[in-house]
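The structure appears right after this line, and notes come after that.
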Amino acid sequence: MGPDIKSKGQFFIIAAIIIVLSLIIIRGLLGIYSTAETNENEKSKIENMKLSNLKGEYEYIIGISSVKADPNYSMNLYLSNFSEYVRGNEKSKILWISIFVNGSNQKYYVVAGNYLQNGISINMTPTNTTPSFANLNLSDMATGSYTFSSLINGTVNFTITYSFEGSIIQDTFLFSVSNTSSTAGFFDISLFNEGLKVRTKHLYQRMIS
Amino acid sequence: MKGYLYTLEVLVAISLVFGALFFIYRSPPPKPDFQTSLIKQGGFEAIRYLDERGDLRKYVNQSNETAVEDALESILPKSVGFEVSICGLSCDTEGIPSNRTTIAVDYYVSGYRNIFDPKRVRIYLWEEY
């Protein structure tokens, strides 16, 4: 028996050991990736449900405000109050812009509420409006207001720009100005949970009959 | 003799592999526990259903926890125990078993009809054995 024969025989055993080790590793990996992915999926589903709940409640506030004697005052009081309540209970960052359109004089009153956990400086550039530019410096959990006059009965494109966490954020939303008063709100809501973030941005307008 | 040795070693190698296959895969991989997530999701969907049905806001406005619990009784499965707390600044934990893993689900309600009255409805959920 020469050395060649012994080496060839051992290769079968070595190959078998490698296969067995591979089977052990595969066994360990089975389901890990799909488990991790499904876990993330479940968590994000629940966070999205919470986000949808909050979005609905902010809209409800716009609705409640529209039936009050002073819709502008009520809207801002309620939005501030509710945002503080949410911030107190959820890891969240919220920015809201409320708009009260006065149908009798085509003026609209804008209030911005900063609940982003940091101060921001917001530039506002609406179309078909005077003035065409305004700026508000807001610390966290503070509000600021500005009054605009619409030059038309129609749609206003309202753009907000601000710097936040190293990025320039720009959002544009549309609302209508007419002979009917209305309340509207733009909401940017983010929720955080164990490294997961969900976010929604939306506008809601309600006419006051 | 050479062939006999080759054959023997191949058989040993094959036995090793099949033996390993048998021992490693005789039981399935452990099932991950999603029960907590599913219970939480179920609780949230139940309370959202109450809201969509138009009942939740009325009960919350009245701070009527019993009415919310009675409504949820027919929605949540019997295998899940629960307790409802309508919270202002804080939530009470009365009626929650101390010997169970309890999951909390929060649902916000900003008001009812033309009344602004922000509250949180918290459902505590646990598995009944």
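When reading the values below, keep in mind they use all heavy atoms of this one structure, side chains included, and skip hydrogens, waters and symmetry mates. Letters A, B, ... mirror the listed sequences (proteins, then strands); counts begin at 1. All values derive from a computational prediction rather than experimental measurement.
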Worksheet item: Among B:D51, B:V12, B:V109, which has the most heavy-atom pairs under 4.5 Å with chain A?
Response: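 Heavy-atom pair counts peak at B:V109.
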Discussion item. Below 4.5 Å, heavy-atom pairs only: which of B:F44, B:Y112, B:F116 has the largest tally toward chain A?
Written reply: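 Among B:F44, B:Y112, B:F116, the one with the most close pairs to chain A is B:F116.
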Worksheet item: In Å, rounded to the nearest 0.5 Å, how long is the span from CE of A:M49 to CZ of B:R48?
Response: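 Output value for this atom pair is 4.5 Å.
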Worksheet entry | Interface residue of largest heavy-atom contact number with chain B, from A:F82, A:Y58, A:Y85, under 4.5 Å |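 Top option by heavy-atom pairs under 4.5 Å: A:Y85.
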Report which part of [X] has an atom under 4.5 Å of a heavy atom belonging to chain B: side chain, backbone, both, or neither.
X     : answer
A:V20 : both
A:I19 : side chain
A:L23 : both

Practice prompt. Indicate whether any N or O donor in one side chain lies under 3.5 Å from an N or O acceptor in the other, for A:N89 and B:R120.
Written response: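 Indeed, the side chains of A:N89 and B:R120 share at least one donor-acceptor pair under 3.5 Å.
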Test item: [X] and [Y] side chains (from C-beta on) under 4.5 Å apart, heavy atoms:
X     : Y      : value
A:I64 : B:I115 : no
A:K50 : B:Y107 : no
A:V67 : B:R113 : no

Worksheet item: Does a salt bridge link B:R57 with A:E57, judged by any charged N lying under 4.0 Å from a carboxylate O?
Response: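 Counted as a salt bridge, because a side-chain N and a carboxylate O are separated by less than 4.0 Å.
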Worksheet entry | Residue pair A:N81 / B:P118: nearest heavy atoms and the distance that separates them |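 Answer, listing the atom of A:N81 first, then B:P118: OD1-CG, 3.9 Å.
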